[in-house]
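Throughout, a chain's letter reflects where its sequence line sits, starting with A, and its residues are numbered from 1. These numbers were taken from a predicted model, which means no experiment stands behind them.
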2 protein chains.
Amino acid sequence: MRALTRKGAATRQRILAGAAAHIREFGVGATTLDDVLSRTATSKSQLFHYFPGGREELLLAVARYEADQVLEDQRPQLGELTSWPAWQAWRDKVVDRYRRQGRLCPLNSVTSHLGNRTPGAQAVVTELVRRWQAEIAAGVRHMQDAGEIDRDLDPDRAAAALLAGIQGGVLIQMSTGDTTHLEAALDMGIAHLRTGGPRPS
Amino acid sequence: MRALTRKGAATRQRILAGAAAHIREFGVGATTLDDVLSRTATSKSQLFHYFPGGREELLLAVARYEADQVLEDQRPQLGELTSWPAWQAWRDKVVDRYRRQGRLCPLNSVTSHLGNRTPGAQAVVTELVRRWQAEIAAGVRHMQDAGEIDRDLDPDRAAAALLAGIQGGVLIQMSTGDTTHLEAALDMGIAHLRTGGPRPS
DNA sequence: TCCGGTCTGGACTGCACGGTCCACACTAGC
DNA sequence: GCTAGTGTGGACCGTGCAGTCCAGACCGGA
């Protein structure tokens with residue numbers, strides 16, 4: 001099974017992309033294997049050939065794909081948080097990305113469905129959180145080195161808080177349809193970096 | 001159909017509670033009508049008698065039930081954000097609540113499954129967000145009146161950001177299993193209220 | 001004590017959808 | 001051009017589960 005022809009790899013990729021697209025459009029619950037099949041002009045046997053674990057394996061692959069996408073869509077700004085304008089540019093990029101995406105969050109959709117049953121789904125999310133947070137924290141450290149952020153601020157904790165705000169903002173957007181909360185959370189998080197740091201109560 | 005005997009109301013309530021409990025335990029995907037039936041010692045006809053819309057209507061009722069629960073579980077602290085220790089007490093209550101709840105978030109679980117198909121599910125979440133945010137904002141205003149928070153801070157926007165942080169913190173906890181992000185978000189949000197407000201850059 | 005309603009039990013239906021199987025086609029290497 | 005492996009098509013199967021239906025129990029009012 002490890003021998004994948006160029007043609008085979010292409011088919012596998014086609015199935016994956018088709019599944020991801022269909023899920024983006026209709027959600028996981030409304031996506032059957034037959035839907036994916038007809039959309040990608042493939043057959044059952046092919047799907048099970050490339051994803052022997054069936055539906056679950058396919059969904060997991062989609063989750064991984066979408067998770068990677070999340071970070072990629074923030075490039076290059078996410079890796080260059082070296083000045084306040086850069087932070088602002090990143091903030092705008094994030095807001096724009098999710099505004100475009102609309103109400104659907106494929107990753108959340110997929111992971112809620114695989115749910116806490118599958119350790120695999122948890123792993124995908126945990127890994128995404130870890131990487132995302134690490135990149136933000138790196139930006140914070142850079143600003144500390146540049147003397148722009150108080151050295152007493154814990155970069156990882158600040159990044160965690162900021163990331164939580166983003167996640168929640170997106171989650172709320174999925175229901176309400178507007179990005180107010182996302183923007184408020186990002187703005188507050190960044191403002192807190194500027195003014196912030198621990199202060200005697 | 002609007003005539004509900006005391007007995008009938010009790011049965012309806014039993015079904016609802018049973019469904020909610022089963023979902024909390026196993027998640028929506030792993031909850032069938034038959035599960036609910038056997039757990040509550042009722043029959044198909046009863047379920048469809050009280051929830052003519054079937055599964056969907058039942059799920060929506062559970063969502064409403066859980067949404068109310070979310071706010072109730074924060075009482076009385078949520079309504080008494082009138083001093084810094086009170087904010088801290090509320091913060092602890094929220095963290096404790098979600099720590100207890102563990103990885104499952106029944107509301108998110110239900111709404112993701114009903115998904116964006118049902119406008120009803122969206123309405124439930126939107127309404128919850130609205131009420132929650134309003135209560136936090138009221139607390140902020142109170143602190144402003146007491147001179148503890150800068151008057152230039154927009155209470156609604158601050159509440160929105162804080163709420164987003166909570167949501168995201170909980171969401172991340174569902175995958176990672178720990179409350180670090182939730183705590184970080186809450187602490188940052190409250191810290192920002194104390195130090196915060198707009199400040200010349 | 002009857003009579004309308006509400007409440008209850010559970011057998012039955014229908015089918016959507018995940019998953020299996022087998023036969024055939026294509027490709028590549030020798 | 002033989003042959004072993006990979007790729008492909010699609011009929012077929014099993015079943016889990018939402019939803020229907022009807023017969024009968026229970027209950028409250030007159």
Side-chain angles (χ1 to χ4, degrees), chain A residues 1-20 22-23 25-63 109-110 113-115 117-118 120-121, chain B residues 1-20 22-23 25-63 109-110 113-115 117-118 120-121:
Chain A
M1 181 224 160
R2 273 307 66 162
L4 254 272
T5 312
R6 177 185 305 253
K7 192 179 176 189
T11 302
R12 197 195 125 100
Q13 187 56 32
R14 209 168 72 246
I15 294 174
L16 185 55
H22 200 276
I23 287 171
E25 203 163 336
F26 303 99
V28 184
T31 299
T32 70
L33 296 188
D34 289 322
D35 288 336
V36 175
L37 262 33
S38 66
R39 171 187 276 254
T40 59
T42 45
S43 69
K44 272 275 171 75
S45 63
Q46 297 181 68
L47 196 153
F48 279 86
H49 185 149
Y50 296 110
F51 301 91
R55 182 182 167 81
E56 185 146 330
E57 188 177 340
L58 178 60
L59 255 38
L60 202 54
V62 170
S109 179
V110 170
H113 271 253
L114 289 174
R117 283 180 303 181
T118 330
Chain B
M1 182 223 159
R2 274 304 71 159
L4 253 273
T5 311
R6 178 186 303 254
K7 193 178 176 188
T11 302
R12 198 195 125 100
Q13 187 56 31
R14 208 167 73 246
I15 294 174
L16 185 55
H22 200 276
I23 287 172
E25 203 164 336
F26 303 100
V28 183
T31 299
T32 69
L33 296 188
D34 288 322
D35 288 335
V36 175
L37 261 34
S38 66
R39 171 186 274 253
T40 59
T42 45
S43 69
K44 270 278 170 73
S45 64
Q46 296 181 68
L47 197 154
F48 278 86
H49 183 96
Y50 296 110
F51 301 92
R55 181 183 168 81
E56 185 145 330
E57 186 176 343
L58 177 60
L59 254 37
L60 201 55
V62 170
S109 178
V110 170
H113 271 253
L114 289 174
R117 284 179 302 179
T118 331

Chemist: Would you mind reading off the distance between B:Leu47 atom CG and C:dG9 atom P, rounded to a whole angstrom?
Modeler: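 Going from B:Leu47 (CG) to C:dG9 (P), I get 12 Å.
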Chemist: Using whole Å, report how far CZ of B:Arg14 lies from C1' of C:dC7.
Modeler: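 The answer, rounded to whole Å, is 11 Å.
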Chemist: Scan residues 29-41 of chain A against DNA chain D and write down, sorted by residue number, each residue with any heavy atom closer than 4.0 Å; if none is found, say none.
Modeler: none
Chemist: Tell me whether the OP1 or OP2 atom of C:dT8 has a side-chain N or O from B:Gln46 closer than 4.0 Å.
Modeler: yes
Chemist: Check the distance between D:dT8's C1' and A:Arg12's CZ and give it to me in whole angstrom.
Modeler: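 Answer to the nearest Å: 17 Å.
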Chemist: Please write out each protein N/O paired with an N/O of nucleotides 23-30 of chain D under 3.5 Å, distance rounded to 0.1 Å.
Modeler:
none

Chemist: Using only side-chain N and O atoms of B:Tyr50, determine if any of them is under 4.0 Å from OP1 or OP2 of C:dT6.
Modeler: no
Chemist: What residues form a side chain to side chain donor-acceptor pair (under 3.5 Å) with B:Thr31, not counting sequence neighbours?
Modeler: B:His22
Chemist: Rounded to the nearest angstrom, tell me the gap between atom NE2 in A:His113 and atom C1' in C:dG18.
Modeler: 16 Å
Chemist: Just the rounded figure in Å: distance from P of C:dA16 to CZ of A:Arg55.
Modeler: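 Answer to the nearest Å: 16 Å.
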Chemist: Out of D:dA18, D:dC21, D:dG10, which has the shortest distance to the side chain of A:Ser43?
Modeler: D:dG10
Chemist: Write down the distance between CZ (A:Phe26) and P (C:dC17), rounded to a whole number of angstrom.
Modeler: 13 Å
Chemist: To the nearest angstrom, how far is B:Leu59 atom CG from D:dG19 atom P?
Modeler: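 Those two atoms, CG and P, are 10 Å apart.
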Chemist: Nearest 0.5 Å, what's the CG-CG distance between A:Leu33 and A:Leu58?
Modeler: 7.0 Å
Chemist: Within the structure, does a side-chain N or O atom of A:Thr11 lie under 4.0 Å from either OP1 or OP2 of D:dT8?
Modeler: yes
Chemist: Take atom NE2 of A:His49 and atom P of C:dC21, then tell me their distance rounded to the nearest Å.
Modeler: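 Atom NE2 in A:His49 sits about 16 Å away from atom P in C:dC21.
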Chemist: Quiz question: going by heavy-atom distance under 3.5 Å, is there a donor-acceptor pair between the base of C:dG19 and the side chain of A:Lys44?
Modeler: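 Check passes, donor-acceptor contact within cut-off.
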